[in-house]
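Below is one structure, written out as structure tokens, with a few remarks after it.
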Amino acid sequence: MSSATPIELDLPVSGMTCASCAGRVERALRKVPGVQEASVNLASEQARIQLARAPSDDALPALVAAVEQAGYAVPAHSLELAIDGMTCASCVGRVERALRKVPGVREVSVNLASERAHLDLLGTVDIADLVTVVDKAGYKARPIASEHPEVDPQIARLARERWWLIAAIVLSVPLVLPMIGDWLGQHWMLPAWVQFLLATPVQFIIGARFYVSAFKAVRARSGNMDLLVALGTSAGYGLSLYLWYAATPGQMPHLYFEASAVVITLILLGKYLESRAKRQTAAAIRALEALRPERATRIRDGVEEDVAIAELRLGDEVLVRPGERFPVDGEVLDGQSHADEALITGESVPVAKGVGDAVTGGAINGEGVLRVKTTALGGETVLARIIRLVEDAQAAKAPIQKLVDKVSNVFVPVVICIALATLVGWLIAGAGWEHALINAVAVLVIACPCALGLATPTAIMAGTGVAAKHGILIKDAEALEVAHAVDAVAFDKTGTLTSGQPRITNLAASDEAQALALAGALQRGSEHPLARAVLDACAERGLSPTAADATQALAGRGIQGRVDGRLLALGNRRLLDELQLLPGDLAESAQRWEAEGRTLSWLVEREPQARVVALFAFGDSLKDGARPAIDALRGRGIASHLITGDNRGSAKVVADALGLDDVHAEVLPGDKAEVVGALRKRGKVVAMVGDGINDAPALAAADVGIAMGGGTDVAMHAAGITLMRGDPRLVPAALDISRRTYAKIRQNLFWAFIYNLVGIPLAAFGLLNPMVAGAAMVASSVSVVSNALLLKRWKPQDHQ
């Protein structure tokens, strides 16, 4: 695109309702520097902007900011591209810069490990334009369909690389054998013409990929690893040709064909091992993808038919036999069974499923036949959303990666300058051209930025993948990086530390079994949470209460009905006051249980005589994993805070039972964020744990938001981390995998930087020959990926 040619850009604008809105947006856009003209179409909700020149990196954000300041929004959408041909961190930077120049591209993140580009787009962007700019930058791009993501694009290429590697080894081994013979006191030097015939195919046929990539990099006025390899090996090959030509007839010159051939072979070996290792970092995505069944048994008009998943519609009924995977998200209409959801939620114990229970597509049905009504399909299923979350996290860049990007942008030009300085320096020092050139070649070969480019993304892919395997979905790399430093965790109470399902904690009556049976008779058929608690208690004691007659709801007070001819009522203190009944001997228990934050229900007899029969106290039970979670956090020096809207008595009971460090009770949902903010002002790095609905402001206000989900709320936007199971023990586990992943990132970056800081000077001072330098370069890349793959062995502490 010529800088003198005006550029037209279409920008979507939402929120406009009338012509004055369109005018306001036009005026706001015209004030942005570089905008020649702006016209807004209210019907299509599009703003056509004419720019004086190609948009710079800050032009698009300025246009978006202008629209937002005018009171409207610019909706965005995302796109995934597979990028072929990248070899190092410099390639990543070049692809990102090329894509950012396309009008409508708001942000780009390229991942070297997954070989993908994630783009945030505004308005209509032609994919062909994106592919074209990537091609001009020297690489190949293709779109990835979100419905069928390509999680393993390297299989065919790996096969090709394997054959090229075998060919390079076969041709290079004869060149190396004489050198090994010298170490053993044998002289097996091959004739120069044999060395030439062996080395030339390696250099120009097998190694052609390096020349092609280097040419494209130079054409794009940039540099990459392949440019360094092409320059270094060509110099060694060219020096060998010169020495062979200049040699005295009958004399055997010392040639360097083997150095160039072996360097190319070693690099191909490294790239092959690296590609295999990178595929392992994406194992979590492949495992999740494998859970998607391709076909289902649909029931229509009582007839079973085998259909493809794509043919199913919402509301369809499917039959799931024992051992089959659930093809869809749905609700059980008939049958009893268990579902193995281990690969989805990390829950190792099969979950009981009956009529009315939700099932998740991809889980394995147990022993029973189930008839399931479809409630979600395609990209809206829990499994699809999990895959999207993991993919987004693996595509994202951690903040620490910014340092690597800055270094990579100037790395290759600096290395070439160092190699030239090495050549000139050795010549000035009196060494011959042969010695000076070999040292310069060693500098070019050893200074490969592959390890720098792989250090962060491989660790993130491995960490987020193994976390997902255990039911921990890390939404973005920033949350992963920040979570390792958390020193305070704030918990919501209901549904987080407690089950959210009340149960009878205390019962006072002269005959507890009879009182419970009477209460159960009144509550049969009710869906109220307290009614379910009464009926559950009856079931635990083996009681089967009969249904009461003439039941009647007492608004704001409770319920009444006749049981065995007695008119009974079950309700709160207002019921007691209305009937002018006194608690009597139960007054002390009532006062004590109220102070503990319990909810009280009085069972009273109205006829034949008015009297208090029993007192029930209801409370929310602690989750089994709550105490181990708090203990695990305390063991790591992390303080635990409780932020709840419940009364102080109820909050104190939970805090005392778990040993929490601090309690904030009777806090409104909107005020929870202020409590989190106050903790941060005290210098704490805060993680907020909640159910992700009424806790959303606090989750967003924390340094790290951790949403406690049950599978249906997996895509909550306010939280950086989502727990697939409502198990509090996953909270310390999430912080632990964050700490370990960040440690791997730091280790990888340390060794990648140290490798170059030590290796380049050694090569420049003549202490490394090109073959050793090539081996060291390969070892650095493979070691970085292998170190990241160690994360795959991680398990939550309670599983170890």
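- Using a 4.5 Å heavy-atom threshold, the side chains of Met86 and Val110 count as touching.
- Between Leu735 and the options Ile721, Val704, Ile638, a side-chain contact (heavy atoms from CB on, under 4.5 Å) holds for only Ile638.
- How far CG of Leu420 is from CD1 of Ile416: 7.5 Å, rounded to the nearest 0.5 Å.
- Between the side chains of Thr200 and Tyr237, at least one donor-acceptor pair of N or O atoms lies under 3.5 Å.
- One N or O on the side chain of Gln195 and one on the backbone of Leu190 form a donor-acceptor pair closer than 3.5 Å.
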| request: Take Asn787 and Gln747, measure what side-chain contact (heavy atoms from CB on, under 4.5 Å) needs, and give me the verdict at the end. | output: CA-CA 9 Å; Asn787 187 44; Gln747 291 168 15; 3.2 Å; yes
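- Taking both residues in full, the closest heavy atoms of Val131 and Ala141 are given as CG1-O, 3.7 Å, listed atom of the first, atom of the second, then distance.
- In this structure, the side chains of Leu480 and Tyr742 stay at 4.5 Å or more apart for every pair of heavy atoms.
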| message | Could you go through Leu423 and Trp433, starting from their C-alpha distance and side-chain angles, then the distance that decides it, and tell me whether this counts as side-chain contact (heavy atoms from CB on, under 4.5 Å)? | response | CA-CA 8 Å; Leu423 177 67; Trp433 273 96; 4.2 Å; yes
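- The structure places OG of Ser109 at 11.0 Å from CG of Leu99, a figure rounded to the nearest 0.5 Å.
- The closest side-chain donor-acceptor pair between Gln203 and Tyr211 falls under 3.5 angstrom.
- Heavy atoms of other residues, nucleotides or ligands lying less than 6.0 angstrom from CH2 of Trp751 number 12 at most.
- Judged by distance alone, the side chain of Arg739 and the main-chain N or O of Ala485 form no donor-acceptor pair under 3.5 Å.
- In terms of the salt bridge (charged side-chain N to carboxylate O under 4.0 Å, His left out) criterion, residue partners of Asp703 (sequence neighbours excluded) are, by chain and number, Arg680.
- Contact check on Asp487 versus Arg636 returns no salt bridge, with no Lys/Arg side-chain nitrogen under 4.0 Å from an Asp/Glu carboxylate oxygen.
- Closest approach of Leu473 to Ala468, counting heavy atoms only: CD2-CB, 3.8 Å.
- A donor-acceptor pair under 3.5 Å is formed between the side chain of Ser172 and the backbone N or O of Ala168.
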| request: Mind running side-chain contact (heavy atoms from CB on, under 4.5 Å) on His484 and Arg740 for me, showing each step along the way? | output: CA-CA 8 Å; His484 84 279; Arg740 292 173 185 265; over 6 Å; no
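- Val443 approaches Ile418 most closely through the heavy-atom pair CG1-CG2, 4.0 Å.
- Note that CD1 of Ile127 and CG of Leu121 are 8.5 Å apart. Values are rounded to the nearest 0.5 Å.
- Looking only at atom types and distance, the side chain of Asp736 has a donor-acceptor partner in the side chain of Trp794 under 3.5 Å away.
- Around CZ of Phe765, the count of heavy atoms belonging to other residues, nucleotides or ligands within 6.0 Å does not exceed 12.
- Ring orientation note: the planes of His435 and Trp426 are nearly perpendicular, at an angle over 60° on the 30°/60° scale.
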